[in-house]
Every structure is written in structure tokens, then in C-alpha cells.
Amino acid sequence: MFQVVTRFPPSPTGHLHLGGARTALFNWLFARHYQGKFILRFEDTDQERSKPEYVTSILEALKWLGLDWDEGPYFQSQRLELYHQFAQRLLEEGKAYYCECSKELLEEKKKKRLELGLKPGYDKTCRDKNLGPGEGRALRIITPDIGDIVVEDLLRGRIIFSADEIDDFIILRSDKTPTYQFAVVVDDITMKITHVIRGDDHLSNTPKQILIYKALGVNPPFFAHIPMVLGSDGARLSKRHGARSVLEYREEGYLPYALINYLARLGWGYGDEEYFSVKELIEKFSLERINLAPARFDSDKLLAVNTYWIKNSPSEVLLEHLLPFLKDYSIFRFSKEYLILAIETIKSRTKTLKEMAEMLHFYLVEEIDYEENSARKYLTKAIGPYLERFFLDLKDLSLEEQELESYFKNLAQTSGIKLKDLAQAIRVALTGKSVSPGLFEIIKVLGKERVEKRLKKALEFIKNL
RNA sequence: GCCCCCAUCGUCUAGUGGACCAGGAUACUGGCCUCUCACGCCAGAGACACGGGUUCGAAUCCCGUUGGGGGCGCCA
């Protein structure tokens, strides 16, 4: 039976950003859709730039997103022996050779060739020198001088590269570490990867890798080059725009599955549908529906998707995701029921978990503080008597929203003051702010005891005006 | 400089030769709802890059131009 095997191979030279996360997501969705395997491997052969803390943060980001892997994480730095074996084979079969050109010399040659209007690639100086291994010598693969190299891309069809576009590139550096091109191929072979789904910035590399497969006598996997994610200005993602770590989105209060929903829709569409649960994505994802044009990251749309999921997720689920944002409150003092009812009242009024936590504030503190302007505007001498009225009536009132509503409408009508003014005053008394969830919902959730206490404080405040 | 990829509203997209004077989402504008703020609902404005073909017919197929992106490392 044929089993799909995909992989996500980040290099730990930075945090996981949106582009990388989307690549991981597409590979993961594809594997899950076909009940295949998803492998994680770190491409850390660049010893200069690879940092263990990036490994940690990438792992954490993937876990947060829920992109679980079936194998790995592998580290290329721990597989050096393997690359040497494969390289040795190529050397013995006369498909690779040592090159003694120094970096400086190559740099110079490249400059000259560019000036002459030639291709910048290596000029094959050492190809026939028959050099053995030695200090400062890198191993190059012999590439064909003429002919075409054909890349079959699952999304774009057949792409043809001319052999003279490809030089004898290095597969083993002079320090014996493998280059990217070589390590990926060896890894993808040994890990039995069936589908390579990656950014189309790798498209130009693919013929090189195909040549390695050929030299090794192995059939290449299927390739699918997906369009890249661009910043909002259309330039390549960099620190400036969306290249922030996905963990930053966690800090800002995005739901992981909202981010996934957004990322999936970036370059992929399914009819007119906009919102997908992760489960639906696994069911519906297919490579054929991927767009070929690069997609720009749009923070407004991301926020809208997050807003949608906050509004449409069960409050129990939201509570879980909210916990880290509620660290400053003694939420253990409240029942889960209370917290969930409170969340119910703010779900459709917030865009992020962070905002949610802020809006939850008045539910979670013993004593509220008044916003200065709101208190001045609404907690007036004139409104005092009506607050007192409510305070006195409260103990006999039902807290059902319907009944509260008719109580207040009645009170407003019989006393000739506007419901709006009354409502705003009580709102400030109960929440400290002039903006909050519906008044009747709040009263019901807070309960008589808290409401009484806060009204008392408001009456006190008015008395001292 | 050379090579490769791509091209529908500002953005993400639907659209695979006729059902498209181009649909949805988001953002924007106006209105409704209303105890505040939101949600929601209704309405409006907004795109097939350009030029040639092919065809009875093209957003859809072909070519060119332009524009955007990527690659040409002892980075990945």
C-alpha cells in the first residue's frame, strides 16, 4: 500500500514565522488528509546561524498550532555520517570531485564572469584535476553540460531547465558538512518522503536536487511548489511585516485554530467557504485547489477570522485558551459556571483573547475602579435617587433578563428619565466603564450580592460629589 | 545580466469556453436594530494588467508586452 509521507524541514536560524507555518500546515494537512505520515526535521547544517533556542521556539510554535508530527524531530547535524556515506558513493562512482578553489578565488571568478555577461556559476576548473580529499577542499557533483532537466511539479506541470543553467555545485563543504541541496535529498530518500511540498523559492533548486537523485540512482519524490506568502506591501516576508514569530500571535490573543484557518486560506480556497475547523481542513484540503500566485499577508483578515472564531467557539474552549491571559486574577475563586457565563456576554464584543481578558476585568475583581470621564458623566447627583431605588428593589427582583428589562423600562417611564441615562449610570456603577456587555446580562451574571455591593459604592460616590 | 514562476475588487479568493453587464469574504461608506459597545441584518462603492490572436463565443486557450515574486552561495 502506498503511504503518503511529507515533511517540514525548518532551519533553526530564526523563529517560525507565518510563511513557514503555512508550509508546515500544508504538509501536515496533506499527510493527515491521506492518513499518511508527517515528519519533522531540523536542517541545522549551518553551524554559524543555527541556534538551539530556535529549535525550542519552533517546536513550541508547532505544538501550539497543533501540527503534530509522527516522526522526528530529526537533526541533520546528527546525521553527518549518513551524508558522508552517500557522498563517498558518488565520489567512487566518479560522479563527484574535490575542488580546491578557495572562497576568495570563487568570489573573484564570479565577479569577473558577471562582468563579462556570463552566468555566475562555477567554471569547473577542478573537475579533471582528480584531486583527493584535503584541507580546504569541497566536494562538487558533476552536472551534465548539455541537455534539459525536467521538473514535474504537481501544481505547475512540467518545467524545463537547461543544463547550462546549473553548475557543478558543492555537496560537501570543506569542513565536511553537507550543503542544503545534498542533505535534503539524502534525508528525503532515507526518510522515504513521497511528497515534497515547499515554497516556490525552492523551484529553481529542484533541478539540482533532481540531478542528485539521478546520480544516486533514486527516483525523486513528487514536488509541489506552493506560492510564497508576501508581506502586506508585496515584498518578501521579513521582520518588518508578518515575519514575526507565530508565538507572537499567541501572545496577542489569537486562537491557534483561527491562525490555521487564516493560513490555510492564504493561497488555498474551497468555493465560497471562509471558515474551516481544523477537521474540515483535513477533509477538504487538496493540492489542486492551491492558487499559484503569491498571497499577501493581511492582518485585518486574520483579525476578522479570529473574531469569528471567538464568537463561534464554545465558551469552555475559549476559557481554556484564555487562562494564560488571566494570570493576574485570582480566578480560582470563581466557579467555572460563572466564568463561562461571563465569557458568553463578551464573546461577540472582542476580537482577541487579550481583549477578552481585558473586558472580563470587572467580572474578576472584588472592587472596581471608575473610569474618570465615565463616572463624571453618568454618576451624577441627578441619577442618585434612581440608583438608590434600584438598590432597594433589587432584593425582590428576578434577575432574568426579560424581567430586568421590563423593570428598568418601567422605572424609566414612571420616573420620566431616559432609560439610556439610567442604564449608563448603572453600567458605570457595575463595570466602571461606559462601554460593556448588555446591562441585563451583566446583572444576571454578577448576581445580587456583587451588584448590591457595587451600587452601594456608587451611591457613596455620588453622595460625596 | 541570465533562468524560473505568477497575474480576477485595496487584500484573500470563486470562476476550469457560453449559466459572469464576474460571485463570496475582509476592509471601507450609508442605513436598520439598540441600555453603551459590539454582534447581526440591509444597501453602496470596488477587479478580469495591456496588446494581439484562436473561437460562433474568452476572465477562462495561445503568443507578446508590462508588472510582481523567486533563483543564480562552502545560506536554507
Side-chain angles (χ1 to χ4, degrees), chain A residues 9-11 13 43-46 48-50 99 101-103 106-107 110 113-122 136-140 151 153 155-156 159-162 164-167 169-175 177-181 183-184 199-208 225 227-228 230 232 234-236 262 265-275 291-305 307-308 311 346-351 359 374 378 405 408-409 412 418-428 431 433-440:
Chain A
S11 80
T13 54
E43 309 215 323
D44 57 348
T45 58
D46 184 345
E48 291 280 304
R49 297 193 302 154
S50 296
C99 167
C101 300
S102 69
K103 285 182 196 173
L106 291 170
E107 199 48 49
K110 181 175 162 186
R113 290 174 67 84
L114 278 172
E115 278 166 15
L116 290 168
L118 296 169
K119 295 176 178 51
Y122 181 61
R137 289 178 183 175
L139 191 66
R140 288 182 186 272
V151 175
D153 187 89
L155 302 180
R156 298 157 210 265
I159 301 159
I160 295 172
F161 293 85
S162 172
D164 57 22
E165 289 301 324
I166 293 154
D167 63 354
F169 57 95
I170 290 174
I171 56 175
L172 234 45
R173 300 183 186 105
S174 51
D175 67 0
T177 59
T179 57
Y180 162 74
Q181 308 286 4
V184 229
D200 66 14
D201 50 333
H202 287 283
L203 193 49
S204 307
N205 287 324
T206 309
K208 288 188 179 176
H225 289 92
M228 303 185 64
L230 270 26
S232 51
R236 189 177 191 164
Y262 174 74
R265 285 282 291 100
L266 213 55
W268 178 85
Y270 193 83
D272 279 346
E273 291 182 47
E274 294 288 341
Y275 304 108
N291 240 84
L292 295 181
R296 295 191 193 201
F297 169 71
D298 180 6
S299 55
D300 280 343
K301 187 81 182 246
L302 204 210
L303 190 60
V305 173
T307 307
Y308 171 88
K311 183 169 165 280
I346 63 168
K347 271 164 95 165
S348 61
R349 289 167 228 268
T350 49
K351 297 173 188 296
M359 198 171 281
S374 305
Y378 296 110
E405 184 169 356
F408 280 109
K409 284 203 166 136
K418 284 188 201 150
L419 177 60
K420 183 174 171 159
D421 295 326
L422 182 59
Q424 283 303 81
I426 297 175
R427 189 186 310 286
V428 174
T431 71
K433 296 178 181 173
S434 56
V435 172
S436 84
L439 189 57
F440 315 132

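Hydrogens, waters and symmetry mates play no part in the numbers below; they use all other heavy atoms, side chains included.
The CZ atom of Phe169(A) sits 11.0 Å away from atom CG of Leu139(A), with the distance rounded to the nearest 0.5 Å. Rounded to the nearest 0.5 Å, atoms CG (Asp46(A)) and OG1 (Thr13(A)) are 7.5 Å apart. Atom-to-atom distance recorded for Leu155(A):CG and Asn291(A):CG is 10.5 Å, nearest 0.5 angstrom. With rounding to the nearest 0.5 angstrom, the CZ atom of Arg140(A) is 6.5 Å from the CG atom of Asp167(A). Atom NZ of residue Lys301(A) and atom CG of residue Leu303(A) lie 12.5 Å apart, to the nearest 0.5 angstrom. One finds the SG atom of Cys101(A) at 3.5 Å from the OH atom of Tyr122(A) (value rounded to the nearest 0.5 Å).
Distances were taken from every side-chain heavy atom of Leu439(A) (C-beta onward) to each of C35(B), A25(B), C12(B); the shortest belongs to C35(B). Here the side chain of Phe161(A) is nearest to one of C4(B), G71(B), A76(B), namely C4(B). Here the side chain of Ala293(A) is nearest to one of G71(B), U13(B), A7(B), namely A7(B). Side-chain proximity of Ser204(A) to C35(B), G71(B), A76(B): nearest is G71(B). Of the candidates U36(B), C5(B), G73(B), the closest approach to any side-chain atom of Arg427(A) belongs to U36(B). Here the nucleotide nearest the side chain of Asp300(A), chosen from A27(B), C2(B), C5(B), is A27(B). Picking from A76(B), G23(B), C2(B) the nucleotide with the shortest atom distance to the side chain of Lys119(A) gives C2(B). Nearest to the side-chain atoms of Glu165(A) among the listed nucleotides C35(B), C2(B), G1(B) stands C2(B).
Residue-to-nucleotide contacts include no donor-acceptor pair under 3.5 Å from the side chain of Lys301(A) to the base of A27(B). You'll find a donor-acceptor pair under 3.5 Å spanning the side chain of Ser174(A) and the base of C74(B), going by distance alone. In terms of polar N and O atoms assigned as donor or acceptor, the side chain of Asn205(A) comes within less than 3.5 Å of the base of A76(B) in a complementary pairing.
Between the OH atom of Tyr180(A) and the C1' atom of G73(B) there is a distance of 14 Å, rounded to whole Å. If you take CZ of Arg49(A) and P of C74(B), they are 13 Å apart, rounded to a whole angstrom. Spacing between atom CD1 of Ile160(A) and atom C1' of C4(B) amounts to 12 Å, rounded to whole angstrom units. Atom C1' of nucleotide A25(B) and atom OH of Tyr275(A) are separated by 6 Å, given to the nearest angstrom. Remark: C1' of C37(B) and CD of Gln424(A) are 9 Å apart, rounded to the nearest angstrom. The interatomic distance linking Arg265(A) (CZ) with A25(B) (C1') rounds to 7 Å, in whole Å. The interatomic distance linking Ile171(A) (CD1) with C74(B) (C1') rounds to 12 Å, in whole Å. Protein atom CG of Asp421(A) is 10 Å distant from nucleotide atom C1' of C35(B), rounded to whole Å.
Nucleotide C61(B) is matched to G53(B) when pairs are restricted to Watson-Crick or G-U wobble geometry with both distances under 3.5 angstrom. Across all strands shown, C41(B) pairs with G31(B); the Watson-Crick or G-U wobble distances both stay below 3.5 Å. When both pairing distances are held under 3.5 Å, A47(B) makes no Watson-Crick or G-U pair with any nucleotide shown. With both pairing distances under 3.5 Å, U11(B) is matched to A25(B) as a Watson-Crick or G-U wobble pair. Under the Watson-Crick and G-U wobble criteria, each requiring two contacts below 3.5 Å, nucleotide C72(B) is paired to G1(B).
A distance of about 12 Å separates the C1' atoms of C28(B) and U11(B), rounded to the whole Å. The gap from the C1' atom of G71(B) to that of A27(B) amounts to 34 Å, rounded to the nearest Å. As rounded to the nearest Å, C39(B) and G31(B) have P atoms that lie 16 Å from one another. Remark: the separation of the C1' atoms in U60(B) and C3(B) is 28 Å, to the nearest Å. To the nearest whole angstrom, the two P atoms, one in A22(B) and one in C9(B), are 14 Å apart. Taking atom C1' on both nucleotides, G51(B) is separated from G46(B) by 25 Å, rounded to a whole Å. Atom name P, nucleotides A7(B) and C48(B): the rounded distance is 16 Å, in whole Å.
Arg296(A) contributes a side-chain N or O that, together with a main-chain N or O of Ser232(A), makes up a donor-acceptor pair within less than 3.5 Å. No donor-acceptor distance shorter than 3.5 angstrom exists from the side chain of Ser374(A) to the backbone of Val428(A), with no hydrogens or angles considered. Not one N or O on the side chain of Arg265(A) forms a donor-acceptor pair closer than 3.5 Å with the backbone of Tyr270(A). The backbone N or O of His225(A) sits less than 3.5 Å from a side-chain atom of Asp153(A), completing a donor-acceptor pair.
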**Report entry** Protein proximity profile, nucleotides 29-34 of chain B - base contact B, sugar-phosphate-only contact S, no contact -, cut-off 4.0 Å on heavy atoms
**Finding:** ------

Query raised in the report: What string of B, S and - do you get for nucleotides 60-69 of chain B, 5' to 3', if B is base contact, S is sugar-phosphate-only contact and - is no contact with any protein heavy atom under 4.0 Å?
Result: ---------S

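If you check every strand for non-hydrogen atoms under 4.0 Å, Glu274(A) touches a base.
Ring geometry for Tyr275(A) against Tyr308(A) counts as parallel: the plane angle stays under 30°, on a 0 to 90° scale with 60° as the upper cut.
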Would you tabulate the nitrogen or oxygen pairs shorter than 3.5 Å linking the protein to nucleotides 44-46 of chain B?
none

Which atoms of nucleotides 38-41 of chain B (N or O only) lie under 3.5 Å from a protein N or O atom, and what are those distances?
{"residue": "A38(B)", "atom": "O2'", "partner": "Ser348(A)", "partner atom": "O", "Å": "2.6"}
{"residue": "C39(B)", "atom": "O4'", "partner": "Ser348(A)", "partner atom": "O", "Å": "3.3"}
{"residue": "C39(B)", "atom": "O2'", "partner": "Lys311(A)", "partner atom": "NZ", "Å": "3.3"}

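A distance cut-off of 5.5 Å between ring centres, combined with a plane angle under 30°, places His202(A) in a stacking arrangement with the base of A76(B).
In textbook terms, a nucleotide whose glycosidic angle is within 90° of 0 is syn, and C39(B) is one such case.
By the ring pair (Phe, Tyr, Trp, His ring centres under 6.0 Å) test, Phe161(A) is found to be paired with no residue, residues two or more places apart in sequence or in another chain being considered. Applying the ring pair (Phe, Tyr, Trp, His ring centres under 6.0 Å) test to Tyr378(A) and every residue at least two apart in sequence or in another chain returns nothing.
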